[in-house]
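First up is the structure itself, then whatever we jot down about it.
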Amino acid sequence: MEKPLINQAKCTNCRICGKVCPKGVFGEQEGKVFVEKPEECIACKACELNCPAEAIEVKPY
Ligand code: SF4
Ligand code: SF4
């Protein structure tokens, strides 16, 4: 199983990851993007590849 990890120091909260994710893994709370449903991740890496800040790493857990 893999899931995305967000480097909060790099993330600009642009929400692109949430738009490209086919599984609705990302959520948002008080303007901060976070990994809401890691169990839904299919490790397609669309989020990692499309994050303009290179803030996402999809890793095994
Ligand atoms: S795409 Fe990258 S910078 Fe944008 S909200 Fe997602 S993790 Fe943050
Ligand atoms: S790897 Fe794919 S399914 Fe998993 S969070 Fe990123 S975009 Fe969504």
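Because only heavy atoms are used, hydrogens play no part in the values below, and waters and symmetry mates are left out as well, while side chains stay in. Counting starts at 1 for both ligands and their atoms, in listed order.
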Check your understanding: Side chain, backbone, both or neither: which part of C17 has a heavy atom under 4.0 Å from ligand 2?
Key -> neither
Check your understanding: Side chain or backbone of V25 under 4.0 Å from ligand 2, or both, or neither, by non-hydrogen atoms?
Key -> side chain
Review point. Distance-only, no hydrogens or angles: does the E28 side chain make a donor-acceptor pair with backbone N or O of V33 under 3.5 Å?
Key: no
Point to revise | Nearest non-hydrogen protein atom, atom 3 (S) of ligand 2 | key: I42 N, 3.5 Å
Practice item. Could you find the nearest protein heavy atom to atom 1 (S) of ligand 2 and give me its residue, atom name and distance? Key: K45 N, 3.0 Å
**Study point:** Numbered atoms and elements of ligand 2 in range of C44, under 4.0 angstrom, heavy atoms
**Key:** 1 (S), 2 (Fe), 3 (S), 7 (S)
**Study point:** atom 6 (Fe) of ligand 2 - nearest protein heavy atom and its distance
**Key:** C47 SG, 2.3 Å
Review point. With atoms numbered from 1 as shown, which atoms in ligand 1 lie under 4.0 angstrom from a non-hydrogen atom of C11?
Key: 3 (S), 5 (S), 7 (S), 8 (Fe)
Check your understanding: Under 4.5 Å between any side-chain heavy atoms of F26 and I16, yes or no?
Key -> no
Check your understanding: Numbering the atoms of ligand 1 from 1, which are under 4.0 Å from a heavy atom of R15?
Key -> 4 (Fe), 5 (S)
Practice item. Could you list which atoms of ligand 1 come closer than 4.0 Å to a heavy atom of N13? Key: 5 (S), 8 (Fe)
Study note, to complete from the structure: Which of C47, C11, C51 passes side-chain contact (heavy atoms from CB on, under 4.5 Å) with C17? It is C47
Review point. Can you find a pair of side-chain heavy atoms, one from K45 and one from E2, that are under 4.5 Å apart?
Key: yes
Review point. Would a 4.5 Å heavy-atom cut-off, applied to side chains only, mark Q8 and K32 as touching?
Key: yes
**Study point:** Atom indices of ligand 1, in the order listed, that fall short of 4.0 Å to a heavy atom of T12
**Key:** 3 (S), 8 (Fe)
Check your understanding: Which ligand 2 atoms are under 4.0 Å away from a heavy-atom of F26?
Key -> 5 (S)
Revision key, fill the gap. Residues P22 and I42: closest non-hydrogen pair is CG-CD1, 4.3 Å
Review point. Do Y61 and L5 have side chains that get closer than 4.5 Å, going by heavy atoms?
Key: no
Check your understanding: Considering only heavy atoms of C14, which atoms of ligand 1 have at least one such atom less than 4.0 Å away?
Key -> 1 (S), 3 (S), 4 (Fe), 5 (S)
Check your understanding: In ligand 1, which numbered atoms sit nearer than 4.0 Å to a non-hydrogen atom of I56?
Key -> 7 (S)
Point to revise | Side chains of V35 and I6 in contact at under 4.5 Å (non-hydrogen atoms) | key: yes
Exercise for review: Using a cut-off of 6.0 Å, state whether more than 12 heavy atoms not belonging to E40 lie near its atom CD.
Suggested key: yes
Study note, to complete from the structure: Between V25 and P4, the two heavy atoms sitting closest are CG1-CG, 4.0 Å
Point to revise | Nearest non-hydrogen protein atom, atom 2 (Fe) of ligand 1 | key: C51 SG, 2.3 Å
Review point. Side chain, backbone, both or neither: which part of V33 comes within less than 4.0 Å of ligand 1 when only heavy atoms are counted?
Key: side chain
Review point. If hydrogens are left out, which of P4, C41, G18 has an atom nearest to atom 4 (Fe) of ligand 2, that is, the closest non-hydrogen atom?
Key: C41
Review point. Got an N, O or S from C21 under 2.8 Å of atom 6 (Fe) of ligand 2?
Key: no
Point to revise | Heavy-atom side-chain proximity of K59 to K3 below 4.5 angstrom | key: no
